[in-house]
J.: 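One structure follows; several queries about it will come next.
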Amino acid sequence: MAKEYRTIQEVAGPLMLVKGVEGVKYNEMGEIILADGETRRCRVLEIDGQNVLVQLFEASTGINLSNSKVRFLGRAMELGVSEDMLGRVFDGMGRTIDGGPEILPDKRMDINGLPMNPAARAYPSEFIQTGVSAIDGLNTLVRGQKLPIFSASGLPHSQLAAQIARQARVRGTDEPFAVVFAAMGITFEEAHFFEESFRDTGAIDRTVLFINLANDPAVERISTPRMALTAAEYLAFEKNMHVLVIMTDITNYADALREVSAARKEVPGRRGYPGYMYTDLAQLYERAGRQMGRSGSITLIPILTMPEDDKTHPIPDLTGYITEGQIILSRELYRKGIKPPIDVLPSLSRLKDKGIGEGKTRKDHAATMNQLFAAYARGKDAKELMTILGEAALTDIDLLYAKFADAFEQQYVSQGYGTNRSIEETLDIGWSLLRMLPRSELKRIPDAMLDEYYEQQ
């Protein structure tokens, strides 16, 4: 029987100080029993001799210092895991919220899992088809990769996230594929959109959803991604599944970190965020990947909204250091009606070369990707020049490139949120656009490949 303490000294926001405590450990879970018998959960944040600072998971209202008791449970926060989690919806603390029965767990896992040992990592090399041309064709996602989406407030990252979750699959394999979706600090309307989107398409059957709403305690937001990654680790490394983890919105998670840090009166770092935010994000992101000797894998797509559209803000800045590239959404393309508004030029997938080519996608993939990048970049330059000097100042070939840039955005990037394109369709659309340009301009594609693909009309 756990020992109970009636020595609560102080409650300040989400924190509570308990004195005269023995034998507790950092991160240990506890229960607060109120005078009316209600129990609330807490976690050990700091130990100073016999004084313990705990973090409350629910509101502090109603905690009477003299009548309330605390008992520590001797374990960290755990998630009961089982294959029955697929198709279910949980809150940020791992409790079912879809009206179904409780999960009967195969085992209980500590949610503070460890980052993967670099020496045990297998190199990501298998193509994941998302059905989105701007990602598959130009910024390819590879199994085991960490590829964030940098968005901004008001941009349709939710629709893109739902589209990827519905459509993503590993080609050329019949191994089971699952999606773990973690939403932090979202509105009820967004939560409803995600649930309905997955249910309508049947994707819910292979999806585990963890939803933390904006009106839930900020502290719960800190546990939500850890719950999701724990479920993903179980499905990937114990049930040998390919797992795609999508997290939205990392900015809400970082704001919750800042809120708890401020309550602890810690010295703030950049923009008020705690100095350990880089370490904290790395501990999350580095749980994704592939392990040698295991067929399962975790591929991670964190989504974050850049405050004030600023790529140098600490959250996108630190995320960019840890992950292997980024997909950037553009407000300018959004205003033009491009769906999804992916800005392919500043976007980058550092592992794209590893997951493409013959036997993975198609032999012409790398060459067409390079040529499309080059042609679109030149077309954008030509359009800028046209804005400054007028159309008459452009050469015929520059006008052709400007026309190519518009067609590229309308036909290649813009496909809507309900279209699922195979990689062959994406590559064929690329070739149809490249045929707008004279063959002599396609200097990045070998002649033999041009003979085979360019001349096909």
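What you see is a predicted model; the values in this text were computed from it and never measured. In what follows, residues are counted from 1 in the order of the sequence shown.
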J.: Compare all side-chain heavy atoms of Ile429 with those of Arg421 and state whether any distance is below 4.5 angstrom.
T.: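 Yes; the side chains approach each other to less than 4.5 Å.
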J.: Between Thr7 (side chain) and Lys19 (backbone), is there a donor-acceptor pair under 3.5 Å?
T.: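 Yes, Thr7 side chain to Lys19 backbone: donor-acceptor pair under 3.5 Å.
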J.: Evaluate Phe181 against Phe198 for ring-ring contact (aromatic ring centres under 6.0 Å, His included), listing each step before the verdict.
T.: CA-CA 11 Å; Phe181 196 95; Phe198 294 147; 5.4 Å; yes
J.: With sequence neighbours excluded, what pairs up with Glu28 under the side-chain hydrogen bond (donor to acceptor under 3.5 Å, both in side chains) test?
T.: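 For Glu28, no residue satisfies side-chain hydrogen bond (donor to acceptor under 3.5 Å, both in side chains) once neighbours in sequence are set aside.
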J.: Between Tyr273 and Ser261, does a side-chain hydrogen bond (donor to acceptor under 3.5 Å, both in side chains) hold up when you go through it step by step?
T.: CA-CA 8 Å; Tyr273 291 96; Ser261 173; over 6 Å; no
J.: Roughly how far, to the nearest 0.5 Å, is CZ of Phe150 from CG of Asp310?
T.: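 With rounding to 0.5 Å, CG (Asp310) is 11.0 Å from CZ (Phe150).
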J.: Angle class for the Phe90/Phe210 ring planes (parallel below 30°, perpendicular above 60°, tilted otherwise)?
T.: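 The rings of Phe90 and Phe210 lie parallel, inter-plane angle below 30°.
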J.: Give a yes or no answer on whether the side chain of Thr224 reaches the backbone of Glu220 with a donor-acceptor pair at less than 3.5 Å.
T.: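 Judged by distance alone, yes, a pair lies under 3.5 Å.
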J.: So does Gly137 get a backbone contact from the side chain of His365, meaning a donor-acceptor N/O pair under 3.5 Å?
T.: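 Here the side-chain-to-backbone pair exists.
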J.: Does CD belonging to Glu424 count more than 12 external heavy atoms closer than 6.0 Å?
T.: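 Buried by this count: over 12 neighbours within 6.0 Å.
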J.: How long is the gap from CD1 on Ile111 to CD on Glu78, to the nearest 0.5 Å?
T.: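 So the gap between those two atoms works out to 9.5 Å.
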J.: I need the single residue from Lys354, Gln145, Lys146 that forms a side chain to side chain donor-acceptor pair (under 3.5 Å) with Glu324. Which is it?
T.: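 Exactly one option meets the side chain to side chain donor-acceptor pair (under 3.5 Å) with Glu324, and it is Lys146.
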J.: Side-chain contact test, heavy atoms from C-beta onward, threshold under 4.5 Å: evaluate it for Leu56 versus Leu15 and give yes or no.
T.: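 The answer is no, as the side chains (C-beta and beyond) never meet within the 4.5 Å cut-off.
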J.: Which atom pair, heavy atoms only, marks the closest approach of Leu86 to Ala178?
T.: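 Of all heavy-atom pairs spanning Leu86 and Ala178, the closest is CD2-CB, 3.9 Å.
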J.: Between the side chains of Asp136 and Thr130, does any donor sit under 3.5 Å from an acceptor?
T.: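 Yes, side-chain donor-acceptor contact under 3.5 Å.
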J.: To the nearest 0.5 Å, tell me how far Met16 CE sits from Leu53 CG.
T.: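 Met16 CE to Leu53 CG: 9.0 Å, rounded to 0.5 Å.
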J.: Return yes if some donor-acceptor pair links the side-chain N/O of Glu58 with the main-chain N/O of Thr39 below 3.5 Å, else return no.
T.: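 No, Glu58 side chain to Thr39 backbone: no donor-acceptor pair under 3.5 Å.
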J.: For Tyr276 and Glu266, which I'm curious about, is there any donor-acceptor pair between the side chains at under 3.5 Å?
T.: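 A donor-acceptor contact under 3.5 Å links the two side chains.
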J.: Between the main-chain N or O of Arg95 and the side-chain N or O of Asp91, is there a donor-acceptor pair closer than 3.5 Å?
T.: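 Such a contact is found between Asp91 side chain and Arg95 backbone.
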J.: So how far is it from Ile222 CD1 to Met227 CE, rounded to the nearest 0.5 Å?
T.: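 Interatomic distance, Ile222 CD1 to Met227 CE, rounded to 0.5 Å: 12.5 Å.
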J.: Spell out, as yes or no, whether a donor-acceptor pair under 3.5 Å connects the side chain of Gln326 to the backbone of Pro346.
T.: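 Answer holds: yes.
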J.: Taking side chain as C-beta onward, heavy atoms only, is Ile63 less than 4.5 Å from Arg40?
T.: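 With C-beta onward as the side chain, the pair touches.
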J.: How many angstroms lie between atom CG of Asn67 and atom CG of Asp36, to the nearest 0.5 angstrom?
T.: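 The CG atom of Asn67 sits 10.0 Å away from the CG atom of Asp36.
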J.: Under 3.5 Å, side-chain donor or acceptor atoms of residues 234-244 against the rest of the protein: list the pairs with distances, not counting sequence neighbours.
T.:
unit_1, atom_1, unit_2, atom_2, d
Tyr234, OH, Asp106, OD2, 2.6
Glu238, OE2, Lys107, NZ, 2.8
His242, ND1, Arg143, NE, 2.8
His242, ND1, Arg143, NH2, 3.2

J.: Within the 4.5 Å heavy-atom criterion, are Val70 and Val54 side-chain neighbours or not?
T.: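 The answer is no; the side chains never approach within 4.5 Å.
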J.: Quickly, which of Ile250, Thr251, Leu213, Ile211 forms a side chain to side chain contact (heavy atoms under 4.5 Å, CB included) with Met184? Name it, please.
T.: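 The option that passes is Ile250.
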J.: Considering residues at least two apart in sequence or located in another chain, which fulfil the side-chain contact (heavy atoms from CB on, under 4.5 Å) criterion with Ala214?
T.: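 For Ala214, no residue satisfies side-chain contact (heavy atoms from CB on, under 4.5 Å) once neighbours in sequence are set aside.
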J.: Determine, stepwise, if the pair Ser66 / Arg6 fulfils side chain to side chain contact (heavy atoms under 4.5 Å, CB included).
T.: CA-CA 7 Å; Ser66 55; Arg6 289 180 177 270; over 6 Å; no
J.: Answer yes if the side chains of Asp98 and Thr96 hold a donor-acceptor pair under 3.5 Å, and no otherwise.
T.: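 Looking only at side-chain atoms, Thr96 and Asp98 do not form any donor-acceptor pair under 3.5 Å.
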J.: Say whether Thr230 and Arg287, considering side chains only, have a donor N or O and an acceptor N or O under 3.5 Å apart.
T.: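 Yes, because at least one side-chain N or O of Thr230 sits under 3.5 Å from a partner of the opposite role on Arg287.
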J.: Considering only heavy atoms from C-beta outward, does the side chain of Gln415 approach that of Val132 to under 4.5 Å?
T.: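 A side-chain contact under 4.5 Å exists here.
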J.: Are the side chains of Gln9 and Val18 in touch, meaning some heavy atoms are under 4.5 Å apart?
T.: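 Heavy-atom side-chain distance check fails, nothing below 4.5 Å.
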J.: What verdict does the side-chain hydrogen bond (donor to acceptor under 3.5 Å, both in side chains) test give for Arg335 and Ser330, after you've listed the backbone C-alpha separation in whole Å, the side-chain angles of each residue and the deciding distance to 0.1 Å?
T.: CA-CA 9 Å; Arg335 289 195 191 103; Ser330 155; over 6 Å; no
J.: Between Tyr417 and Pro156, what is the shortest heavy-atom contact and its length?
T.: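 The answer is OH-CG, 3.0 Å.
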J.: Please report the C-alpha distance between Ile128 and Val142 in whole Å, then the side-chain angles of each, then the deciding distance to 0.1 Å, and finally whether the side chain to side chain contact (heavy atoms under 4.5 Å, CB included) criterion is met.
T.: CA-CA 5 Å; Ile128 291 184; Val142 181; over 6 Å; no
J.: Does any part of the side chain of Leu329, heavy atoms only, come nearer than 4.5 Å to the side chain of His157, both counted from C-beta?
T.: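 The answer is yes; the side chains approach within 4.5 Å.
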J.: Checking side-chain polar atoms at under 3.5 Å, does Thr312 have a donor or acceptor matched by the opposite partner on Asp317?
T.: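 No donor-acceptor contact under 3.5 Å links the two side chains.
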J.: Which pair of non-hydrogen atoms, one from Ile186 and one from Glu190, has the smallest distance, and what is that distance?
T.: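 So the minimum-distance heavy-atom pair works out to CB-OE1, 3.4 Å.
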J.: Looking at Tyr285 and Thr319, what are the two nearest heavy atoms and their distance?
T.: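 So the minimum-distance heavy-atom pair works out to OH-OG1, 3.1 Å.
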J.: Can you give me the closest heavy-atom contact between Ala76 and Asn112, atom names plus distance?
T.: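 Heavy atoms only, the tightest pair is CB-ND2, 4.2 Å.
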J.: So Ser197 and Arg166, do their side chains get closer than 4.5 Å, heavy atoms only?
T.: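 Sidechains of Ser197 and Arg166: in contact.
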J.: Please test Arg264 against Glu46 for salt bridge (charged side-chain N to carboxylate O under 4.0 Å, His left out), starting from the C-alpha separation and ending with a verdict.
T.: CA-CA 10 Å; Arg264 291 174 66 181; Glu46 212 172 280; 3.1 Å; yes
J.: With rounding to the nearest 0.5 angstrom, report the OH to CG distance, Tyr376 to Asp406.
T.: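 Between atom OH of Tyr376 and atom CG of Asp406 there are 9.0 Å.
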J.: Please check if the number of heavy atoms outside Phe188 that lie under 6.0 Å from its CZ is greater than 12.
T.: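 Incorrect, the count does not exceed 12.
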